[in-house]
2 protein chains.
Amino acid sequence: MYKYREVYTDIKNNILTNHYRAGSLMPTQEELAEKYSISRLTLRKVLQMLGDEGLVYSKQGAGTFVRPRMADSPDEILPLNSPIGVTYSHRSQEISSKVLHFDARLPTPLEQKNLNIEANEPVYEIKRVRYLNGKHYSFEHTIMPTRIAPLDEKILHKSIYDYLGSKNIMMTDARRVVYAEAADAETSQAMGVDLNCPMLVIEQTAYDQKGRAFEYSVSQFIKDHSKFVFDVHRQWY
Amino acid sequence: MYKYREVYTDIKNNILTNHYRAGSLMPTQEELAEKYSISRLTLRKVLQMLGDEGLVYSKQGAGTFVRPRMADSPDEILPLNSPIGVTYSHRSQEISSKVLHFDARLPTPLEQKNLNIEANEPVYEIKRVRYLNGKHYSFEHTIMPTRIAPLDEKILHKSIYDYLGSKNIMMTDARRVVYAEAADAETSQAMGVDLNCPMLVIEQTAYDQKGRAFEYSVSQFIKDHSKFVFDVHRQWY
DNA sequence: TAGTGGTCTAGACCACCTG
DNA sequence: AGGTGGTCTAGACCACTAC
């Protein structure tokens with residue numbers, strides 16, 4: 001529909017198929033703009049998008065280069081910059097959930113702070129064990145203000161994100177805090193691991209389109225079963 | 001020097017000082033452009049920069065809004081999207097290093113793959129314990145091709161990044177993989193923790209301006225001593 | 001329907017890298 | 001010195017949201 005989308009797709013394909021080879025110089029912006037019959041500004045928008053993805057970089061006075069590809073990461077490694085839930089990251093695999101706890105209550109001070117709500121605003125508290133292909137995958141402790149959307153146990157067996165999406169609530173921003181911890185009694189029982197077994201913990205505060213915090217969750221993953229990858233692209237303005 | 005830089009700084013300050021209040025509508029792009037005597041396109045560039053930082057967001061047809069601020073994270077939590085080393089993240093604190101191992105050798109297959117080098121290209125192998133204010137902070141195992149820059153023990157007591165910067169090598173991209181692990185014998189001895197104590201592991205492959213991998217490192221952090229934060233801003237094109 | 005942000009243009013000039 | 005990318009303009013039209 002938009003010109004820049006078409007050009008973006010085409011150039012990206014040319015890079016991924018090695019038509020523009022890694023490390024080499026690309027045609028000048030003027031040439032590319034002419035090739036696609038677009039203005040140089042529109043082309044620059046495309047190059048910026050590709051640059052944000054780490055596929056190309058430009059040096060003033062020199063030209064635009066194709067970045068050598070980073071080593072591909074194995075499949076068992078999940079991207080840290082997409083929704084954490086099992087559902088999104090393993091679309092094609094078999095997923096199930098066991099709801100250990102589902103209730104509403106008033107928020108703790110920490111939850112008030114993270115969700116930016118008052119002490120008298122009720123929240124749902126949910127504890128779920130998630131299974132991937134029948135094996136323990138994660139133990140999730142989720143807090144969500146009740147006014148965001150009504151929940152019930154049926155929804156919790158599927159994806160909360162899918163449900164919220166149907167209510168037009170989408171995660172556009174998130175803050176994630178990651179650290180290691182020893183499994184406590186509750187976790188070890190829920191996940192079927194030894195007490196004090198190392199767990200990877202990811203705390204997430206999720207924000208919707210309007211910047212409203214709608215979820216605070218703590219997810220625990222078994223050591224060696226789950227690794228997360230994260231690409232850093234430094235940019236200066 | 002550039003107009004967009006000045007405008008960027010000014011608007012950002014207005015947001016941070018709550019002159020433009022969180023959640024509220026900002027003036028229209030046309031008004032802002034006129035206020036700063038710049039074209040609308042230049043203003044849009046500024047808004048995009050602010051949007052990338054998660055400070056504002058625009059909705060077509062509606063306007064540009066100031067995003068409610070995310071909860072501030074405590075100081076002990078370090079950003080995951082800046083250099084991992086102690087030196088960069090704790091500029092003002094007291095840092096020291098103990099070099100446990102420093103040698104050169106040929107790379108393992110895994111190192112060849114991650115650094116994108118041939119089997120016959122020698123690498124430095126470095127093991128360091130890093131101390132923050134006199135306390136164990138991290139255990140770093142670093143592999144670097146020798147052709148990147150000559151190293152010696154004296155450099156290793158300070159910041160490798162500062163040294164590489166003086167050689168005009170700067171990290172512009174990195175791939176990080178994070179997971180939890182139980183401390184092995186070497187780690188527990190080096191860090192003064194119990195065997196099998198949970199550790200947070202961050203593997204990093206760092207790339208310079210030209211997309212060349214110049215470092216592969218595995219850093220281990222003691223549970224509860226170190227947490228890492230990471231902000232996600234989703235953007236669709 | 002009015003008003004907002006999103007796309008796109010053709011062209012000018014500046015800053016920077018490479019020979 | 002020549003060529004490249006970076007900045008910036010004034011203006012047109014389109015897509016979307018809100019009322």
Side-chain angles (χ1 to χ4, degrees), chain A residues 1-11 15 20 23-52 54-67 168-170 172 208-211 233-237, chain B residues 1-11 15 20 23-52 54-67 168-170 172 208-211 233-237:
Chain A
M1 187 184 215
Y2 293 123
K3 291 190 181 179
Y4 75 87
R5 269 212 144 287
E6 289 173 25
V7 177
Y8 165 82
T9 306
D10 193 65
I11 294 184
I15 293 173
Y20 294 139
S24 71
L25 212 60
M26 293 185 46
T28 68
Q29 296 185 355
E30 208 139 355
E31 286 169 349
L32 283 173
E34 192 171 3
K35 174 182 172 186
Y36 291 105
S37 304
I38 58 176
S39 74
R40 208 183 124 207
L41 209 72
T42 305
L43 180 82
R44 282 178 57 72
K45 184 194 181 85
V46 172
L47 290 183
Q48 162 145 28
M49 288 162 60
L50 294 168
D52 286 346
L55 287 172
V56 304
Y57 66 98
S58 298
K59 240 195 330 201
Q60 187 167 142
T64 302
F65 301 80
V66 180
R67 225 187 254 290
N168 229 353
I169 295 168
M170 295 192 300
T172 59
D208 68 6
Q209 309 96 295
K210 297 191 174 164
H233 303 297
R234 197 91 146 281
Q235 29 199 339
W236 300 270
Y237 291 117
Chain B
M1 185 182 214
Y2 292 124
K3 290 190 181 178
Y4 76 86
R5 269 214 144 285
E6 289 172 26
V7 177
Y8 165 82
T9 306
D10 193 66
I11 295 183
I15 294 173
Y20 293 138
S24 70
L25 210 59
M26 292 185 46
T28 68
Q29 296 185 355
E30 208 139 356
E31 286 169 350
L32 283 173
E34 192 171 2
K35 173 182 174 187
Y36 291 106
S37 303
I38 58 175
S39 75
R40 209 181 125 209
L41 208 71
T42 305
L43 180 82
R44 282 177 57 71
K45 184 193 181 85
V46 172
L47 290 183
Q48 163 145 29
M49 288 162 60
L50 294 168
D52 286 346
L55 288 171
V56 304
Y57 67 97
S58 299
K59 233 185 351 194
Q60 187 167 150
T64 302
F65 301 81
V66 181
R67 226 186 252 290
N168 229 352
I169 296 168
M170 296 191 300
T172 58
D208 68 6
Q209 309 96 295
K210 298 192 173 164
H233 304 297
R234 196 88 147 281
Q235 32 198 341
W236 298 270
Y237 291 113

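Heavy atoms only: backbone and side chains are in, while hydrogens, waters and symmetry mates are out. Each chain gets a letter, A, B and so on, in the order its sequence line appears, and its residues count up from 1.
Legend: residues meeting side chain to side chain donor-acceptor pair (under 3.5 Å) with B/S39, ordered by chain and number and at least two apart, are B/T42. For B/Y20, there are no ring-ring contact (aromatic ring centres under 6.0 Å, His included) partners at least two apart in sequence or on another chain.
Residues A/S58 and A/T64 share a closest heavy-atom pair of OG-OG1, 3.0 Å.
With contacts defined as side-chain heavy-atom distances shorter than 4.5 Å, the pair A/V46/A/V56 does not qualify. Contact annotation: the side chain of A/Y36 approaches that of A/D10 to within less than 4.5 Å [non-hydrogen atoms, C-beta and beyond].
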Protein heavy-atom contacts under 4.0 Å, written 5' to 3' over nucleotides 4-17 of chain D as B (base), S (sugar-phosphate only) or - (none), form the string BBBBBB--B--BBB

